[in-house]
Participant: 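Mind having a look at this structure? Questions to follow.
Note that this is a predicted model, so its numbers are computed, not measured. For the numbers below, each heavy atom of this structure counts, side chains included, while hydrogens, waters and symmetry mates do not.
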Amino acid sequence: MVDSTDWWRDAVVYQVYPRSFADADGDGVGDLAGIAERFGHVVGLGVDAVWLTPFQTSPQADHGYDVSDYVDVDPLFGTLGDVDRLLAVAHDHGLRMLVDLVPNHCSSEHPLFRAALAAGPGSPERERFHFRPGRGEDGGEPPNNWTSVFGGPAWTRVVGPDGMPGEWYLHMYAPEQPDWNWDHPATAELFDGVLRFWFDRGFDGVRIDVAHGLFKAADLPDLPDPSVQRPLLLRSNPLACDREEVHDVYRRWRRIADTYDPPRCLVGEINLPADRAARYVRPDELHLGFAFAFIHTPWDPAALRSTIDDLLAASTVNGGPVTWVTENHDVVRSATRYGGGSRGHARARAALLLMLALPGTVYLYQGQELGLPEVDVPPGARQDPAWFRSGRTRDGCRVPLPWTRDGASYGFSPAGATAAPWLPQPAGWGDTSVEAQDSDEASTLAFTRSALRLRRGLLASSVLGREVIEQNETIGWLDAPPGVLAFTRGGLVCVVNAGDSPVPLPDGEVLATSGALDTGGHLPRDTAAWVLPSTTNGSAGR
Ligand code: NOJ
């Protein structure tokens with residue numbers, strides 16, 4: 001049985017990327033006041049919680065994931081007072097709030113890194129990071145053969161006050177993001193304080209950036225085969241992540257989270273295969289970890305089924321629920337990833353209904369409720385640090401939201417704004433806006449709202465009653481035609497047609513569909529449905 005302190009087990013959480021949500025002060029970059037102004041949209045969706053990506057003080061080299069002060073707000077986004085106001089508004093509406101914490105690295109402008117640079121080789125200040133002499137005759141070669149997730153070497157050489165090149169420091173991401181040395185006891189102490197600061201302020205939980213990172217193999221050895229490293233995939237370097245020591249950090253954080261009433265929730269960004277990721281989600285470690293295996297699965301019925309099985313099986317090992325997710329600010333929008341155009345769009349809606357039927361918690365990324373596609377941001381306008389180092393860009397899923405049909409920024413910035421949106425919005429963006437979809441019953445926005453309302457109702461009823469959401473809740477696969485996924489969860493049947501032709505639905509009441517049924521009442525391809533069956537006969541779509 002769950003109780004209200006276990007709200008995170010079946011919650012729907014909406015991810016807000018503040019830069020691109022709403023801009024209240026007209027500088028072209030979204031801010032906390034903009035989120036507060038548009039919060040009615042989030043409340044109207046019917047989600048349970050909101051995760052805010054970093055708003056802390058940052059030079060913005062990686063759009064907030066380079067933090068120079070973990071316990072203050074970047075003026076670009078507002079003030080601590082704005083955070084307090086947003087927390088109060090969210091809590092008044094019964095929504096929980098998650099803050100983003102970036103423990104693997106900080107900003108090269110962080111005072112402790114500035115102090116390490118100033119203090120020089122061999123100093124205690126440098127021990128807080130990974131400084132090493134270079135290799136080669138004049139130390140001109142990096143200390144090992146690791147590459148940065150954003151491309152290029154994972155090491156940058158510093159220049160001393162005398163203008164002479166000196167030691168190198170490790171950065172698994174951009175050079176502006178030096179990695180903390182987690183073998184130094186002061187690092188854990190620093191982050192204990194950061195956690196408590198945001199929990200004391202009222203945040204209900206924390207999303208942990210690169211949660212499988214933090215520790216590196218002792219002495220930072222060479223990778224035997226450096227060609228295994230892939231851009232934008234930390235896990236391709238096994239010496240730089242998923243080390244056993246990291247689990248002690250999460251045990252320590254869980255103890256802190258559990259001292260609060262209600263206990264605070266820990267959600268890890270653990271981009272590992274399902275079996276390895278599940279090792280972080282335990283009764284004494286993290287509550288949740290994003291199901292990256294699901295994001296990486298293409299629109300293919302066999303692949304979807306086996307990933308769902310893997311994730312559910314892995315979750316039973318330690319009893320943490322699966323955290324279903326198909327979009328975030330780092331991946332190509334699902335409508336585009338699943339094939340683009342009207343088919344990709346239909347599949348993204350079907351995938352949403354699929355996720356909402358599965359046991360566990362669901363994370364949605366802002367704009368997913370509008371069915372936004374990936375935008376092909378012109379190369380000259382791209383901002384992602386990965387673009388400049390590896391030629392890969394995540395800008396296309398970060399384009400500022402369209403709120404209105406018309407206007408210079410489609411309602412993202414106020415009329416008379418002094419600057420254009422930080423990433424250009426494409427022509428026709430207003431057709432996908434909240435305003436354009438708000439009263440259109442066939443829109444993705446209306447579909448998302450009604451699916452969330454229905455799910456909430458089912459969870460409160462005997463169909464998916466909360467009493468069935470116990471640890472290890474699973475699903476029962478039903479026989480189905482080729483290309484079709486059909487399963488029961490509690491008293492609900494979910495059918496997803498990932499094949500090529502329409503299929504009949506099981507007898508019963510059709511509660512929701514991700515697209516219109518065809519004239520014969522059949523489920524078209526690329527469409528999902530929820531059915532309350534009149535009888536349970538162990539098959540679907542015959
Ligand atoms: C994962 C974040 O989601 C991503 O946006 C960021 O670039 C990296 N971690 C580094 O912090």
Participant: Looking at side-chain heavy atoms only, is the closest gap between L52 and F77 below 4.5 Å?
Facilitator: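 SC-SC contact between L52 and F77 ruled out.
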Participant: So, the side chain of R337 versus the backbone of V332: is there a donor-acceptor pair under 3.5 Å, distance only?
Facilitator: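 Flag set: sc R337 to bb V332 pair under 3.5 Å.
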Participant: Looking only at heavy atoms, what is the nearest atom pair of C241 and G213, with distance?
Facilitator: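 Closest heavy-atom pair between C241 and G213: CB-CA, 4.2 Å.
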Participant: Could you check D31 against D23 for side chain to side chain contact (heavy atoms under 4.5 Å, CB included), going step by step and ending with a plain yes or no?
Facilitator: CA-CA 5 Å; D31 42 48; D23 166 27; 3.3 Å; yes
Participant: Report the distance from atom CG of L86 to atom CG of L95, rounding to the nearest 0.5 Å.
Facilitator: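 CG of L95 is found 10.0 Å from CG of L86.
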Participant: Are L195 and L101 close enough that some pair of their side-chain heavy atoms sits under 4.5 Å apart?
Facilitator: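 SC-SC contact between L195 and L101 confirmed.
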Participant: I'd like to know whether CG of D92 has more than 12 heavy-atom contacts from other residues, nucleotides or ligands below 6.0 angstrom.
Facilitator: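 Counting other residues, nucleotides and ligands, CG of D92 exceeds 12 neighbours.
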Participant: Return the CG to CZ distance between L464 and R455, rounded to the nearest 0.5 Å.
Facilitator: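 It comes to 8.5 Å.
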Participant: Is there a donor-acceptor contact under 3.5 Å from the side chain of D6 to the main chain of R9?
Facilitator: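 Absent.
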Participant: Could you check L485 against V495 for side chain to side chain contact (heavy atoms under 4.5 Å, CB included), going step by step and ending with a plain yes or no?
Facilitator: CA-CA 6 Å; L485 303 178; V495 185; over 6 Å; no
Participant: Taking R96 for the side chain and D204 for the main chain, is one N or O donor matched with an acceptor at less than 3.5 Å?
Facilitator: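 No, R96 side chain to D204 backbone: no donor-acceptor pair under 3.5 Å.
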Participant: State plainly whether the residues D84 and R201 are in salt-bridge range, i.e. N to O under 4.0 Å.
Facilitator: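 Yes.
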Participant: Do you know which two heavy atoms are closest between P533 and V493, and how far apart they sit?
Facilitator: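 Closest approach of P533 to V493: CG-CG2, 3.7 Å.
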Participant: Before giving the answer on side chain to side chain contact (heavy atoms under 4.5 Å, CB included), spell out for H522 and V503 the whole-Å C-alpha distance, their side-chain angles and the decisive distance to 0.1 Å.
Facilitator: CA-CA 5 Å; H522 288 185; V503 292; over 6 Å; no
Participant: How close do P54 and G64 get, heavy atom to heavy atom, and via which atoms?
Facilitator: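 Closest heavy-atom pair between P54 and G64: CB-O, 3.2 Å.
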Participant: Which class fits the ring pair W198 and F55: parallel under 30°, tilted 30 to 60°, perpendicular over 60°?
Facilitator: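 Judged by the thresholds at 30° and 60°, the geometry between W198 and F55 is perpendicular.
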Participant: State whether a side-chain donor-acceptor pair under 3.5 Å links R235 with N271.
Facilitator: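 Judged by distance alone, the side chains do pair up.
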Participant: For G490, does its backbone N or O pair with a side-chain atom of T488 as donor and acceptor, under 3.5 Å?
Facilitator: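 Between the backbone of G490 and the side chain of T488 there is no qualifying donor-acceptor contact (under 3.5 Å).
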Participant: Does this structure show an ion pair linking R252 with D248, if we count only N-O contacts that are shorter than 4.0 Å?
Facilitator: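 Judged by the 4.0 Å cut-off on N to carboxylate O distance, R252 and D248 do not form a salt bridge.
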Participant: Salt bridge or not between R394 and D330? Use side-chain N to carboxylate O under 4.0 Å.
Facilitator: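 Looking at D330 together with R394, the answer is yes, because their closest N to O distance falls below 4.0 Å.
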Participant: Would a distance-only check, ignoring hydrogens and angles, find a side-chain to backbone donor-acceptor pair under 3.5 Å from R264 to V206?
Facilitator: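 Absent.
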Participant: State, with a plain yes or no, whether a side-chain heavy atom of W403 is found less than 4.5 Å away from one of F21.
Facilitator: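 Answer yes - side chains close enough.
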Participant: If every non-hydrogen atom of L452 is compared with every non-hydrogen atom of V47, which pair is closest and at what distance?
Facilitator: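 Closest approach of L452 to V47: CD1-CG1, 3.9 Å.
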Participant: Can you name the closest pair of heavy atoms from F412 and G30 and give their distance?
Facilitator: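 Nearest heavy atoms, F412 then G30: CZ-N, 3.4 Å.
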Participant: Determine whether the aromatic ring centres of H91 and F203 lie less than 6.0 Å apart.
Facilitator: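 When the ring centroids of H91 and F203 are compared, they turn out to be at least 6.0 Å apart.
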Participant: Got a sec, which residues hit side chain to side chain contact (heavy atoms under 4.5 Å, CB included) with D82, two or more places apart in sequence or on another chain?
Facilitator: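 Side chain to side chain contact (heavy atoms under 4.5 Å, CB included) check on D82 returns L32, T79, R85.
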Participant: Please test Y250 against V246 for side chain to side chain contact (heavy atoms under 4.5 Å, CB included), starting from the C-alpha separation and ending with a verdict.
Facilitator: CA-CA 7 Å; Y250 300 135; V246 77; 3.6 Å; yes
Participant: If you define the side chain from C-beta out and look only at heavy atoms, does anything of I208 sit under 4.5 Å from E269?
Facilitator: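 With C-beta onward as the side chain, the pair stays apart.
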Participant: Without placing hydrogens or testing angles, list every side-chain donor-acceptor pair under 3.5 Å for residues 350-368, not counting sequence neighbours.
Facilitator:
unit_1 : atom_1 : unit_2 : atom_2 : d
T361   : OG1    : A11    : O      : 2.6
Y365   : OH     : C397   : O      : 2.7
Q366   : OE1    : Y17    : N      : 2.7
Q366   : NE2    : Y17    : O      : 3.4
Q366   : NE2    : S20    : O      : 3.4
Q368   : OE1    : Y365   : N      : 3.0
Q368   : NE2    : T326   : OG1    : 2.9

Participant: How long is the gap from CG on L370 to CG on L401, to the nearest 0.5 Å?
Facilitator: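 One finds 6.5 Å between CG of L370 and CG of L401.
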Participant: By the salt bridge (Lys or Arg N to Asp or Glu O under 4.0 Å) test, which pairs, at least two apart or in different chains, include something from residues 292-315?
Facilitator: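 Non-adjacent pairs meeting salt bridge (Lys or Arg N to Asp or Glu O under 4.0 Å): zero.
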Participant: Give the intermediate values and the outcome of side-chain hydrogen bond (donor to acceptor under 3.5 Å, both in side chains) for residues H345 and T444.
Facilitator: CA-CA 9 Å; H345 190 248; T444 300; 3.3 Å; yes
Participant: Return the CG to CG distance between D258 and D284, rounded to the nearest 0.5 Å.
Facilitator: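 The distance works out to 9.5 Å.
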Participant: Centroid-to-centroid, W7 to H287, below 6.0 Å?
Facilitator: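 When the ring centroids of W7 and H287 are compared, they turn out to be at least 6.0 Å apart.
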Participant: Are R456 and D48 ion-paired here, with the side-chain N under 4.0 Å from a carboxylate O?
Facilitator: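 Salt bridge between R456 and D48, a charged N being under 4.0 Å from a carboxylate O: yes.
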Participant: Within a strict 4.5 Å, meaning less than it, do heavy atoms of the V50 and I35 side chains meet?
Facilitator: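 Side chain of V50 against side chain of I35, heavy atoms only: no contact under 4.5 Å found.
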Participant: Heavy-atom distance under 4.5 Å between the side chains of T259 and R255, does that happen here?
Facilitator: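 A side-chain contact under 4.5 Å is absent here.
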Participant: Which heavy-atom pair separates D242 from R276 by the least distance, and what is that distance?
Facilitator: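 That would be OD2-NE, 2.8 Å.
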Participant: Would the Y280 and H212 ring centres measure less than 6.0 Å apart?
Facilitator: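 Judged by ring-centre distance (under 6.0 Å), Y280 and H212 do not meet the cut-off.
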Participant: Which pairs with one or both residues in residues 430-442 pass side-chain hydrogen bond (donor to acceptor under 3.5 Å, both in side chains), sequence neighbours excluded?
Facilitator: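 Residue pairs with at least one partner in residues 430-442: D438-R449.
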Participant: Any salt bridge linking R251 with E285? Criterion: basic side-chain nitrogen under 4.0 Å from a carboxylate oxygen.
Facilitator: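 Salt bridge present between R251 and E285.
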Participant: Rounded to the nearest 0.5 Å, how far apart are CZ of F487 and CH2 of W477?
Facilitator: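 Taking CZ in F487 and CH2 in W477, the distance rounds to 6.0 Å.
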Participant: Would you check if the side chain of N497 reaches a backbone N or O of T527 as a donor-acceptor pair within less than 3.5 Å?
Facilitator: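 It does not hold such a pair.
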Participant: Donor-acceptor check, side chain of D395 to backbone of V377, threshold 3.5 angstrom: yes or no?
Facilitator: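 Not at all, since once roles are kept as given, no pair shorter than 3.5 Å links the two residues.
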Participant: May I ask you to check whether F290 and W51 place their ring centers less than 6.0 Å from one another?
Facilitator: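 Ring centres of W51 and F290 closer than 6.0 Å.
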Participant: Is the backbone N or O of S334 less than 3.5 Å from a side-chain atom of E327, with the two atoms forming a donor-acceptor pair by type?
Facilitator: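 Between the backbone of S334 and the side chain of E327 there is a qualifying donor-acceptor contact (under 3.5 Å).
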Participant: May I have all residue pairs that pass salt bridge (Lys or Arg N to Asp or Glu O under 4.0 Å) and include part of residues 346-366, sequence neighbours excluded?
Facilitator: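 For residues 346-366, and leaving out neighbouring residues, the salt bridge (Lys or Arg N to Asp or Glu O under 4.0 Å) pairs sorted by first residue read R347-D526.
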Participant: How long is the gap from OG1 on T53 to CZ on R19, to the nearest 0.5 Å?
Facilitator: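 Answer rounded to 0.5 Å: 9.5 Å.
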Participant: Among residues at least two apart in sequence or on other chains, which ones pass side chain to side chain contact (heavy atoms under 4.5 Å, CB included) with R196?
Facilitator: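 D192, D200, I256, Y260.
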Participant: Is any side-chain heavy atom of P402 closer than 4.5 Å to one of V434?
Facilitator: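 No, every pair of side-chain atoms sits at 4.5 Å or beyond.
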Participant: Any side-chain heavy atom of L288 sitting closer than 4.5 Å to one from V281?
Facilitator: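 No - every pair of side-chain heavy atoms lies 4.5 Å or more apart.
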Participant: Quick check against the 3.5 Å criterion: does S409 have a side-chain atom that pairs as donor or acceptor with the backbone of S413?
Facilitator: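 Side chain of S409 to backbone of S413, a donor-acceptor pair under 3.5 Å: yes, one is there.
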Participant: Quick check against the 3.5 Å criterion: does R282 have a side-chain atom that pairs as donor or acceptor with the backbone of R279?
Facilitator: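 Pair found, side chain donor or acceptor close to backbone of R279.
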